[in-house]
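To start, the structure under review is shown below, and the notes come after it.
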Amino acid sequence: MLSNHFNRWTFAALSIAILAVPGSLSAQTPDHQADNSAQFPSSLDMKSLTTSGSYLAARHASVERDANSAAAFYRSALRSDPKNNELLDRAFISSVADGDKLADRILTIDKSNRVARLVVGVRDLKQKKYPSAQVNINQSIRGPITDLVATLLSAWASYGAGDTKTAIANIDKLTGPEWYPLFKDMHAAMILELSGKDKDAGVRLERAYKLDDSMLRVADDYARWLTRNKDDAAATAIYEAFDKKLPRHPLVLEGLRETKAGKKLPPLVDSPQAGAAEALYGIGATLTRRGGEDLALVYLQLALYLEPTHPLALLSLADLYESVKKPAMAIKVYERVPASSPLKRNAQIQLATDLDAADRSDEAIKILKSVTAEAPKDLEAIMALGNVERGRKKFSDCTETYSKGIDALPDPNDKANTVYYYYRGICEERSHQWPKAEADMKKALELQPDQPHVLNYLGYSWIDQGINLDEGMKMIKRAVDQRPDDGYIVDSLGWAYFRIGNYEEAVKNLERAIDLKPEDPTINDHLGDAYWRVGRTLEAKFQWTHAKDLKPEPDDLPKIEAKIANGLPDLASSSDTSASSADKTPADKKKEDGKDVDKGG
């Protein structure tokens with residue numbers, strides 16, 4: 001929920017598609033120890049590998065998006081085969097820290113290598129070697145995306161060399177797909193702004209805005225131009241229109257505040273380097289959502305080489321690492337967002353989410369508490385904090401946190417608020433405050449009567465307590481009707497049948513739940529109990545043994561081991577509540593502790 005909303009802010013409505021090479025000049029050093037990737041190879045690791053071993057290790061690291069390790073292994077292979085062009089190219093492509101040096105080496109062997117030309121050209125641009133930058137960048141052209149990137153970067157190099165006319169002419173003569181004009185007008189306008197040609201810049205910005213008024217950077221720069229060249233009311237209208245499409249974007253809110261205060265806002269960029277970084281960021285951010293993560297990594301890292309504190313490029317790069325399941329690398333990037341940036345608060349929230357994913361929940365909670373202390377009604381931060389506490393079974397804490405969120409709701413009866421009452425109800429139930437939990441679940445159903453997760457949780461809780469049996473069973477069945485392929489909800493139905501003594505129906509539904517979620521220890525445990533009650537004792541012991549192998553909760557393990565040894569007591573001598581798994585937290589409840597509910601109707 002948080003991440004999806006956050007990413008919409010980060011990428012703000014660009015639309016193109018491409019492909020593949022990791023970057024080279026980024027300053028970050030990912031913490032592989034905390035990541036799921038392999039530990040960064042040591043010199044001893046390198047010496048012990050053959051050339052083929054190094055190559056295979058490098059390919060594996062590349063698949064895992066572990067660019068540093070991949071580069072190290074490729075270099076190890078190169079030491080044994082220094083003239084192997086393929087190894088050299090792959091080492092360069094995988095490099096994060098030394099890509100510019102490898103680019104020079106590649107160009108001595110292959111002067112037409114386009115990726116190396118691009119990297120060297122960007123390095124020249126950063127060093128204000130504008131003629132050399134133009135030569136190298138122009139030789140990097142290869143296809144629709146790289147044509148556009150090279151043209152924009154070359155134009156910024158021309159502007160840096162003092163030739164605005166050539167910069168604009170080269171942008172204007174570029175032809176290509178229907179999405180080219182947006183980028184062409186935007187960057188031509190930014191160059192014209194810096195050249196003091198405000199009237200011409202305004203024409204370009206207005207045209208770009210009409211092409212796509214949902215593109216954040218276009219809307220922002222156009223509003224900024226209006227503050228300097230027209231009036232605050234016109235600029236305010238642009239920001240307010242964007243806010244309706246994508247509410248409460250921090251950069252838009254900042255623009256609104258400053259515009260209403262009568263400030264004349266500067267252009268988005270202030271140098272050729274910043275303009276080139278903007279081009280690389282804009283296209284790189286788009287690629288992360290279009291299946292081109294590897295090339296996006298190149299562009300975003302090159303953008304950050306030019307502008308190390310570009311907050312949107314940092315957020316896009318961090319999100320890219322999240323999308324390829326590298327939270328520890330994302331953490332390093334979020335930590336680089338400047339404290340002065342309006343996006344710092346958003347970075348802190350997402351940083352905490354990644355810290356929690358990396359089993360650093362204490363740090364995550366500390367950060368989120370700091371954010372909520374500064375902004376007590378920040379619902380996004382409150383929800384993030386409650387979710388971390390709930391996931392870490394701090395149920396008393398998350399009850400208090402979600403209560404703060406409910407107290408801060410502008411309209412408690414908005415159906416979108418179902419999630420707050422549902423999550424608080426879970427935390428109350430798990431901290432043995434059933435009357436309060438029941439009231440919150442009923443409130444959630446009042447807001448969304450057919451919300452399947454709430455129906456399932458409340459219905460099962462009633463059956464588990466032996467109350468409202470008919471109504472509880474109807475609720476669970478309504479949940480299953482809506483989510484027939486949700487193994488946890490189907491498990492709840494099967495377990496509800498078990499609790500009321502209908503063991504044949506319990507077996508039927510629990511077997512279906514196992515088909516849907518075969519690796520869940522609690523569902524396997526439940527099915528073992530149901531098998532035992534219908535006389536399928538060998539199968540019951542098999543399911544219990546499988547549940548044990550799947551690493552159940554520590555409190556459940558001794559109960560499972562006891563059943564493997566002794567089975568379930570006879571119904572005549574003992575109730576299922578004490579003898580079976582019924583005294584455990586039901587599978588669905590346990591899993592729902594970490595699942596978002598739908599916010600729609």
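The first residue in the sequence is number 1, and the count goes up from there. All values derive from a computational prediction rather than experimental measurement.
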From the list Asn387, Val419, Ile382, side-chain contact (heavy atoms from CB on, under 4.5 Å) partner of Tyr402 resolves to Asn387

If the test is side-chain contact (heavy atoms from CB on, under 4.5 Å), which one of Thr164, Ile168, Asn170 qualifies with Thr166?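 Looking at Thr164, Ile168, Asn170, the match for Thr166 under the side-chain contact (heavy atoms from CB on, under 4.5 Å) is Asn170.
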
I'd like to know if [X] pairs up with [Y] as an ion pair, taking the criterion as any Lys NZ or Arg NE/NH1/NH2 lying under 4.0 Å from an Asp or Glu carboxylate oxygen.
| X | Y | answer |
| --- | --- | --- |
| Asp220 | Arg224 | yes |
| Glu206 | Lys210 | yes |
| Arg392 | Asp359 | yes |

Return the [atom1] to [atom2] distance between [X] and [Y], rounded to the nearest 0.5 Å.
| X | Y | atom1 | atom2 | value |
| --- | --- | --- | --- | --- |
| Met186 | Ile171 | CE | CD1 | 11.5 Å |
| Trp156 | Glu278 | CH2 | CD | 9.0 Å |
| Asp172 | Thr151 | CG | OG1 | 11.0 Å |

Kindly determine whether Leu125 and Gln273 satisfy side chain to side chain contact (heavy atoms under 4.5 Å, CB included), including the steps that lead there. CA-CA 7 Å; Leu125 203 158; Gln273 291 72 27; 4.0 Å; yes

Are side-chain heavy atoms of Arg228 and Pro267 found at a separation under 4.5 Å? yes

Heavy-atom check, side chain of Leu343 versus side chain of His249, under 4.5 Å: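 Sidechains of His249 and Leu343: in contact.
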
In terms of side-chain heavy atoms, does [X] have a donor or acceptor partner in [Y] at a distance below 3.5 Å?
| X | Y | value |
| --- | --- | --- |
| Lys264 | Asn229 | no |
| Glu322 | Tyr334 | yes |
| Thr418 | Gln448 | yes |

Working note: Asp198 + Trp225, criterion side chain to side chain contact (heavy atoms under 4.5 Å, CB included); need CA distance, chi angles, decisive distance, verdict. CA-CA 8 Å; Asp198 283 338; Trp225 181 89; 4.0 Å; yes

When you look at NZ of Lys263, are more than 12 heavy atoms from neighbouring residues, nucleotides or ligands closer to it than 6.0 Å?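 No, NZ of Lys263 has 12 or fewer neighbouring heavy atoms, counting only those of other groups under 6.0 Å.
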
As a quick check of understanding, evaluate side chain to side chain contact (heavy atoms under 4.5 Å, CB included) for Asp354 and Tyr321, giving each step before the final call. CA-CA 10 Å; Asp354 288 325; Tyr321 284 134; over 6 Å; no

Walk me through it: do Met190 and Arg204 pass the test side chain to side chain contact (heavy atoms under 4.5 Å, CB included)? CA-CA 9 Å; Met190 289 192 290; Arg204 302 278 185 148; over 6 Å; no

